[in-house]
*Asks:* 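Dropping the structure in here first, questions after.
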Protein chains: 2
Amino acid sequence: MTIYDISKKAGVSIATVSRVLNGSDKVRPSTKKKVMDIIEKYDYTPNAFARGMGLHSLQTIGILCADSSDLFLAKAVYYLEQELQANGYESLLCCTGYNLELKQNYLNLILSKKVDGIILVGSNFIGTTEDENQYIKDVSTQVPIMLLNASFDYPNVYSTLCDDYTTMFEATESMLDSGIADPVYIYNSISYSGRKKLNGFKDALKKHGISDIENRIHKYDGDSQQFNEIADFMDQVAKEAPPFHGVIAADDVLAVGVVKYAQRNHISVPDDLSIIGYNNSMLTTCCIPELTSVDNRLETQTHQLVQTLVGVLSGEEMPKKSIFSGKLIKRGTTLF
Amino acid sequence: MTIYDISKKAGVSIATVSRVLNGSDKVRPSTKKKVMDIIEKYDYTPNAFARGMGLHSLQTIGILCADSSDLFLAKAVYYLEQELQANGYESLLCCTGYNLELKQNYLNLILSKKVDGIILVGSNFIGTTEDENQYIKDVSTQVPIMLLNASFDYPNVYSTLCDDYTTMFEATESMLDSGIADPVYIYNSISYSGRKKLNGFKDALKKHGISDIENRIHKYDGDSQQFNEIADFMDQVAKEAPPFHGVIAADDVLAVGVVKYAQRNHISVPDDLSIIGYNNSMLTTCCIPELTSVDNRLETQTHQLVQTLVGVLSGEEMPKKSIFSGKLIKRGTTLF
DNA sequence: ATGAAAGCGCTAACAA
DNA sequence: TTGTTAGCGCTTTCAT
């Protein structure tokens, strides 16, 4: 069933059918109805390829993320897909893994499908050197690139993110102000936002005149889905590092691992150990006490990102960077 | 940059360029090289639409799932995307939500993008009546439909699933055999696999001569990401239902909620209460004691599904139904 | 308001 | 081995 078949059956030209299909207002209501009836009767759907050839668009957005099974990324992908759907776009999902080398390939691949735009989900797409980010510059000449939870200044690249630095700085201060002068920081990612958070922690300690900062920072390199191993890691930290009565984790997963460490070692939370997580995920309520965590406004971010993208695609001038503030959600693992 | 530009610059016809592009062996190596050089020099990528029009395929598979932020579904989507990628296919993701009415629309939408096949992730796409499943029949005439964790007999519909009935039957028997004669069952979904699991539980109880079965089954209708509310729900169950010393949950999320309920009420797990979860997700290690859970071989399933799909698309005869057995992974919430 | 016709960029017979 | 050419199904001027 093609546009020709429909036009024949309706007794009009293919141009008229095309107009009806594309909602042109230059069609007499009566002929419009006539055509619509035939279309519905035969359940006709236009061929997307042929259409795309004319339109140069399939109303599709490419979404790249490292790992859609990561709690945070999965939620982000979910929100994005919903928002895009609501705006008439579909989502081409591509999970790249954490291997930077392959990202270029994936980007080109997805680009060859003629997507209207590309969303890079998560800050691990941004490297520290100009060279590492060359692939983004290349692609940005062809379609707009949207960064979620990361930032990169370049034409046709738009960023939506949480001010992780300030948010983490303030979260750390909350803990310091509550009288805990010896917090440690644990993290597992040195992505763009990972670095911001780490700096927020460091600077808060500096401001409060705490020395020995580097010894208070610990990187977990194990499997991020294994709470046991995180707890084991904390055992190690407790053994080697200076004593601590507070832990700030770069991710809820790590924080839950810390809760587990405390339970295993009969350390009372929050009395003897305060814990702050990050992302305010579903994990915050899985433990007792429940996890105090930083909400980075993911839903707000994804909404803003898609609005920006839609604006850009329709030729409007849109903000290059949208920054939101995170918010500490107080629950049971902290005294303050 | 089109195939014409390339052909001109290379001094050959577009047909030759097309042959090079499609890896035809009927091209002299020297001309092949000549063309390739030009292609690389100008970084030319063929237009996917035009190509799709000729090829009638864009090597893309549509993936439909209710909610890609659900722990289980997210993992499934992740594995599927990886497998498809490895086989040269891309994934068009579409999250339909749990509203059955919209599924038909989504299916048609995704079909209009000329996907080569469609994967329905999760058993909530299959209804109980013929009528509910009509939309699948309709679409199956156009492209193969792959069901993950569900089953439906129809031409061009292929199923890959875990034998949830037997698996749950056996898990329940394990608990009964350990001396717990009064288990309760909690669930939150009445999907295809949800019903299978429930029946497995029921029949195990029947076999062991346990009466009062219906009072041992409880449906949780709240938010599946809120462990608190699940624990609240369990408080209610404990109040209203006959006493129990074992809980079998249809999902790890629910089971973790039960662990939480036990902790809050100072019920010793597993001594006074045994708990079994389902899916063997990352949540199994988030609590103390760790969760005994059923592994339903998701990765194996997704692998098999994609292999079947690839086979079907290349015209091979493939099994209509691939069934795997789940396996109880024993951890700390059970004595056996 | 409607139709005729020229592409869009590619694939795949068919010729040479 | 290579080139010529006719589609593929649609959008979009340009006429009418």
Side-chain angles (χ1 to χ4, degrees), chain A residues 1-39 42-60 88 108-109 111-116 142-143 313-314, chain B residues 1-39 42-60 88 108-109 111-116 142-143:
Chain A
M1 188 66 53
T2 75
I3 200 171
Y4 290 94
D5 301 319
I6 299 295
S7 75
K8 220 165 280 169
K9 288 184 202 297
V12 296
S13 74
I14 59 164
T16 300
V17 177
S18 180
R19 289 194 187 97
V20 171
L21 244 28
N22 292 284
S24 164
D25 49 350
K26 297 187 186 312
V27 183
R28 193 186 303 159
S30 63
T31 59
K32 180 169 182 175
K33 177 166 174 14
K34 192 168 58 182
V35 173
M36 284 298 273
D37 286 348
I38 299 288
I39 288 177
Y42 291 93
D43 203 21
Y44 160 74
T45 320
N47 180 309
F49 294 156
R51 196 162 206 190
M53 242 168 94
L55 288 172
H56 297 291
S57 158
L58 261 187
Q59 294 287 96
T60 302
N108 284 336
L109 192 65
L111 202 58
S112 78
K113 306 282 170 166
K114 291 278 181 274
V115 293
D116 300 304
Q142 316 205 29
V143 294
L313 290 177
S314 55
Chain B
M1 188 66 53
T2 75
I3 200 170
Y4 290 94
D5 300 321
I6 299 296
S7 74
K8 220 165 281 170
K9 289 183 200 299
V12 297
S13 74
I14 59 163
T16 300
V17 177
S18 180
R19 288 193 187 96
V20 170
L21 244 28
N22 293 285
S24 164
D25 48 351
K26 297 188 181 313
V27 183
R28 193 185 301 158
S30 63
T31 60
K32 179 169 182 173
K33 176 165 175 11
K34 191 168 57 182
V35 173
M36 285 297 274
D37 286 348
I38 299 288
I39 287 177
Y42 291 92
D43 201 20
Y44 161 74
T45 319
N47 180 310
F49 296 154
R51 194 165 206 185
M53 242 167 97
L55 288 173
H56 298 291
S57 158
L58 262 185
Q59 294 285 98
T60 302
N108 284 336
L109 192 66
L111 202 59
S112 77
K113 307 282 171 167
K114 291 280 179 273
V115 293
D116 299 304
Q142 316 204 31
V143 295

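Letters A, B, ... mirror the listed sequences (proteins, then strands); counts begin at 1. Computed from heavy atoms alone, side chains included, the values below leave out hydrogens, waters and symmetry copies.
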*Asks:* Measure from the side-chain heavy atoms of A:Thr16 and tell me the nearest of C:dT2, C:dA12, C:dC10.
*Replies:*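 The closest nucleotide is C:dT2.
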*Asks:* How many whole angstroms separate atom CG of B:Asn47 from atom C1' of C:dG7?
*Replies:*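 Computing the B:Asn47:CG to C:dG7:C1' distance gives 13 Å.
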*Asks:* Select one nucleotide: of D:dG3, C:dC10, D:dT11, the one nearest the side-chain heavy atoms of B:Val12.
*Replies:*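 Nearest listed nucleotide: D:dG3.
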*Asks:* If each of A:Gly11 and B:Ile14 is mapped to the nucleotide of DNA chain C with the nearest heavy atom, which maps nearer the 5' terminus, i.e. the 5' end?
*Replies:*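 Looking at DNA chain C, the more 5' nearest nucleotide goes with A:Gly11.
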*Asks:* Can you name the one residue among B:Asp25, B:Val12, B:Ile14, B:Val27 that meets side-chain contact (heavy atoms from CB on, under 4.5 Å) with B:Arg19?
*Replies:*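 It is B:Val27, the one option of B:Asp25, B:Val12, B:Ile14, B:Val27 that forms the side-chain contact (heavy atoms from CB on, under 4.5 Å) with B:Arg19.
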*Asks:* From C-beta outward on B:Tyr4, which listed nucleotide comes closest to its side chain: D:dC10, C:dC10, D:dG3?
*Replies:*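 Among D:dC10, C:dC10, D:dG3, the one nearest the side chain of B:Tyr4 is C:dC10.
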*Asks:* Compare the minimum distances between each of C:dC10, D:dT11, D:dT4 and the side chain of B:Ala50, then state the nucleotide with the smallest one.
*Replies:*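 Looking only at side-chain atoms, B:Ala50 lies closest to C:dC10.
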*Asks:* Rounded to whole angstrom units, what separation is found between the CZ atom of A:Phe49 and the C1' atom of C:dT11?
*Replies:*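 So the CZ-C1' distance, A:Phe49 to C:dT11, works out to 13 Å.
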*Asks:* Can you figure out which of C:dG3, C:dC10, D:dT12 approaches the side chain of A:Ser18 most closely?
*Replies:*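 Per side-chain heavy atoms of A:Ser18, the pick is D:dT12.
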*Asks:* Taking the side chain of A:Val27 as its heavy atoms from C-beta onward, which of D:dT12, C:dT2, D:dT4 lies nearest to it?
*Replies:*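 Nearest to the side-chain atoms of A:Val27, counting from C-beta on, is C:dT2.
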*Asks:* Below 4.0 angstrom from OP1 or OP2 of C:dT2, is there any side-chain N or O of A:Thr31?
*Replies:*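 Checking C:dT2 against A:Thr31, a side-chain N or O does come within under 4.0 Å of OP1 or OP2.
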*Asks:* Could you check how far CG of A:Asp5 sits from P of D:dC8, rounded to whole Å?
*Replies:*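 The distance from CG of A:Asp5 to P of D:dC8 comes to 11 Å, rounded to the nearest Å.
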*Asks:* D:dG3 phosphate, OP1 or OP2: any side-chain N/O from B:Ser13 under 4.0 angstrom?
*Replies:*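 Yes, such a contact exists.
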*Asks:* State, yes or no, whether a side-chain contact exists between B:Thr31 and B:Val20 at a heavy-atom distance under 4.5 Å.
*Replies:*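 Contact flag for B:Thr31/B:Val20 side chains = no.
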*Asks:* For the side chain of B:Lys26, starting at C-beta, report the closest nucleotide among C:dT11, D:dG9, D:dT1.
*Replies:*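 My answer, after comparing the listed nucleotides, is D:dT1.
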*Asks:* Consider the side chain of A:Arg19, meaning its heavy atoms from C-beta on, and name the nucleotide among D:dT1, C:dG3, D:dC10 that approaches it most closely.
*Replies:*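 From the listed options, C:dG3 comes nearest.
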*Asks:* Considering only C:dG3, D:dT11, C:dC10, which nucleotide approaches the side chain of B:Pro46 most closely?
*Replies:*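 My answer, after comparing the listed nucleotides, is C:dC10.
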*Asks:* Specify the separation, in whole Å, of atom CG of A:Asn22 and atom C1' of D:dT13.
*Replies:*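 For the pair A:Asn22 CG and D:dT13 C1', the rounded distance is 14 Å.
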*Asks:* Can you tell me the distance, in whole Å, between the CZ atom of B:Arg51 and the C1' atom of D:dC10?
*Replies:*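 Atom-to-atom, B:Arg51 to D:dC10, this comes out as 20 Å.
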*Asks:* Measure from the side chain of A:Ile3, starting at C-beta and using heavy atoms only, and say which of C:dT11, D:dC10, D:dT2 lies closest.
*Replies:*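 Of all the options, the side chain of A:Ile3 is nearest to D:dC10.
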*Asks:* Rounding to a whole Å, what distance do you find between B:Lys32:NZ and D:dT2:P?
*Replies:*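 It is 11 Å, rounded to the nearest whole Å.
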*Asks:* Between atom NZ of A:Lys34 and atom CZ of A:Arg28, what is the distance when rounded to the nearest 0.5 Å?
*Replies:*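 Atom-to-atom, A:Lys34:NZ and A:Arg28:CZ are 8.5 Å apart.
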